[in-house]
Amino acid sequence: YKPDNSLNQNKSGCMKWYAFNDSESRDTVNVILDHNTTYQVAWNSSGNNADGMNEVKEALENDANNWHDDVKSTARLIEANEIAKITGNTEFDATVPGKDKVFWLEDPTFDLDSEIMPPLPQPGEAKYKWLFDYIVSCTYFGCSVADDNTWGYWTSTPSVSYKWDAWGMDSTGGLGHGNIDVTEFGGVRPVVTISKSILS
């Protein structure tokens with residue numbers, strides 16, 4: 001592994017992945033890449049999230065095309081509720097109107113619409129920096145490495161409150177939602193499922 005392998009748009013070689021929401025009882029583990037394999041792509045250019053993922057799904061499939069078959073077959077986008085589980089935010093549920101409120105990973109109780117920010121982590125010191133590294137200006141919110149070419153990445157979760165939105169991670173370290181037909185909002189950050197037997 002070399003640090004350049006983590007640069008956005010890189011789709012091959014020895015790349016860095018992070019395990020999340022693991023359970024000792026399972027034989028497999030989900031891991032998320034530390035960067036985007038595609039900078040910017042629409043979730044679905046139709047503008048209606050009831051149509052499901054389209055452009056972002058195609059980009060994910062293309063990005064994983066040369067991966068090993070066992071890994072490629074499991075490639076997907078992380079779900080909004082999986083991110084909430086990582087942070088311990090039990091109040092959030094992307095599938096329930098009223099419980100689907102935008103939140104900041106470092107402090108889920110903080111209102112992201114507030115004009116007064118809480119004390120921000122120093123660059124590289126955010127607890128969940130591994131979920132929002134390599135996004136524009138993210139070092140201001142405590143990530144380790146920023147990339148001016150992408151504003152975030154999509155999840156696989158459509159918004160239940162706004163039919164033209166889907167959930168994604170942004171540069172503030174916030175889980176928010178954006179218009180699904182806007183390419184600049186999100187990129188592709190793959191999740192794959194691997195057997196724990198190959199890790200020992």
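The figures that follow rest on heavy atoms only: side chains count, while hydrogens, waters and symmetry mates do not. Model, not experiment: these values are computed from the prediction.
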Practice item. Classify the side-chain pair Asn44/Ser46 by whether it contains a donor and acceptor separated by less than 3.5 Å. Key: yes

Check your understanding: Got more than 12 heavy atoms from elsewhere within 6.0 Å of OH, Tyr162?
Key -> no

Check your understanding: Hey, does Ile83 have a side-chain heavy atom less than 4.5 Å from the side chain of Thr155?
Key -> yes

**Study point:** Considering all heavy atoms, the nearest Leu7-His35 contact
**Key:** O-CD2, 3.2 Å

Practice item. Walk me through it: do Arg189 and Ile135 pass the test side chain to side chain contact (heavy atoms under 4.5 Å, CB included)? Key: CA-CA 11 Å; Arg189 189 163 300 200; Ile135 299 176; 4.0 Å; yes

Point to revise | side chain to side chain donor-acceptor pair (under 3.5 Å) partner of Thr193, chosen from Asn30, Asp70, Thr28 | key: Asn30

Point to revise | CA sep, side-chain torsions, deciding dist, call: Asp181, Asn179, side chain to side chain donor-acceptor pair (under 3.5 Å) | key: CA-CA 6 Å; Asp181 58 350; Asn179 289 3; 4.6 Å; no

Review point. Looking at side-chain heavy atoms only, is the closest gap between Asn8 and Asp147 below 4.5 Å?
Key: yes

Check your understanding: What pair of heavy atoms forms the shortest contact from Val145 to Cys138, and how long is it?
Key -> O-SG, 3.3 Å

Review point. Do Val56 and Val188 come close enough that some side-chain heavy atom pair is under 4.5 Å?
Key: yes

Point to revise | Chi angles and distances behind the side chain to side chain donor-acceptor pair (under 3.5 Å) call for Ser25, Ser23 | key: CA-CA 5 Å; Ser25 63; Ser23 168; 2.8 Å; yes

Check your understanding: Which is it for Arg76 and Glu82 under the salt bridge (charged side-chain N to carboxylate O under 4.0 Å, His left out) test, yes or no, and what are the steps along the way?
Key -> CA-CA 13 Å; Arg76 64 180 178 86; Glu82 287 179 311; 2.9 Å; yes

Review point. Taking the side chain as C-beta and beyond, is there a heavy-atom pair between Asn48 and Trp164 under 4.5 Å?
Key: no

Point to revise | Heavy atoms of other groups near Lys99 NZ, more than 12 under 6.0 Å | key: yes

Review point. Given side chains that start at C-beta, do those of Met169 and Leu105 come closer than 4.5 Å, heavy atoms only?
Key: yes

Check your understanding: With a 4.5 Å limit on heavy-atom distance, are the side chains of Val192 and Trp67 in contact?
Key -> yes

Point to revise | Ring center gap for Trp104 and Phe110 short of 6.0 angstrom | key: yes

Point to revise | Within-4.5 Å side-chain heavy-atom neighbours: Ser6 and Tyr1 | key: yes

Review point. For the residue pair Gly47 and Ile180, what are the closest heavy atoms and their distance?
Key: C-CD1, 3.6 Å

Check your understanding: Taking it one step at a time, do Val182 and Trp43 satisfy side chain to side chain contact (heavy atoms under 4.5 Å, CB included)?
Key -> CA-CA 8 Å; Val182 177; Trp43 200 82; over 6 Å; no

Practice item. Decide side chain to side chain donor-acceptor pair (under 3.5 Å) for Ser156 and Glu79; before the verdict, give the C-alpha distance in whole Å, the side-chain angles of both, and the deciding distance to 0.1 Å. Key: CA-CA 5 Å; Ser156 62; Glu79 299 170 11; 4.9 Å; no

Exercise for review: Might you point out which heavy atoms bring Gly124 and Ser144 nearest each other, and give the distance in Å?
Suggested key: CA-OG, 3.5 Å

Practice item. To the nearest 0.5 angstrom, please state how far the CZ atom of Phe103 sits from the OG1 atom of Thr109. Key: 11.5 Å

Review point. Only one of Asp170, Asp100, Asn49, Asp165 clears side chain to side chain donor-acceptor pair (under 3.5 Å) with His177; which?
Key: Asp165

Check your understanding: Hey, does the side chain of Gln122 reach the backbone of Gly142 with a donor-acceptor pair shorter than 3.5 angstrom?
Key -> no

Practice item. Dump the intermediate steps for side chain to side chain contact (heavy atoms under 4.5 Å, CB included) on Glu61 and Lys72, then the final yes or no. Key: CA-CA 8 Å; Glu61 291 169 353; Lys72 176 171 57 175; over 6 Å; no

Check your understanding: Distance-only, no hydrogens or angles: does the Asn66 side chain make a donor-acceptor pair with backbone N or O of Ser12 under 3.5 Å?
Key -> no

Practice item. List the atom of Lys127, the atom of Glu106, and the distance in Å for their closest heavy-atom pair. Key: N-OE1, 2.8 Å

Exercise for review: Establish, yes or no, whether a centroid distance under 6.0 Å links the rings of Phe141 and Phe132.
Suggested key: no

Check your understanding: How close do Lys196 and Asp22 get, heavy atom to heavy atom, and via which atoms?
Key -> NZ-OD1, 3.0 Å

Review point. What is the distance from atom CD1 of Ile78 to atom CG of Leu33, rounded to the nearest 0.5 Å?
Key: 11.5 Å

Study note, to complete from the structure: From the list Trp154, Trp151, Tyr153, ring pair (Phe, Tyr, Trp, His ring centres under 6.0 Å) partner of Phe185 resolves to Trp154

Review point. Under the 3.5 angstrom rule, does the side chain of Thr157 hit a backbone N or O of Ala80 as a donor-acceptor pair?
Key: yes

Practice item. Assess whether side chain to side chain contact (heavy atoms under 4.5 Å, CB included) is satisfied between Thr37 and Asn10, documenting all intermediate values. Key: CA-CA 6 Å; Thr37 51; Asn10 184 45; over 6 Å; no

Practice item. Could you tell me whether a side-chain N or O of Gln40 sits under 3.5 Å from a main-chain N or O of Gly186, the two making a donor and an acceptor? Key: no

Practice item. For residues Asp93 and Asn81, determine if any side-chain heavy atom of one lies less than 4.5 Å from a side-chain heavy atom of the other. Key: yes

Exercise for review: Go through Tyr140 and Ser171 one step at a time and tell me if the side chain to side chain donor-acceptor pair (under 3.5 Å) criterion holds.
Suggested key: CA-CA 9 Å; Tyr140 181 75; Ser171 62; over 6 Å; no

Point to revise | Enclosure of Asn65 CG (heavy-atom neighbours >12, cutoff 6.0 Å) | key: yes

Check your understanding: Is there a donor-acceptor contact under 3.5 Å from the side chain of Thr150 to the main chain of Tyr39?
Key -> yes

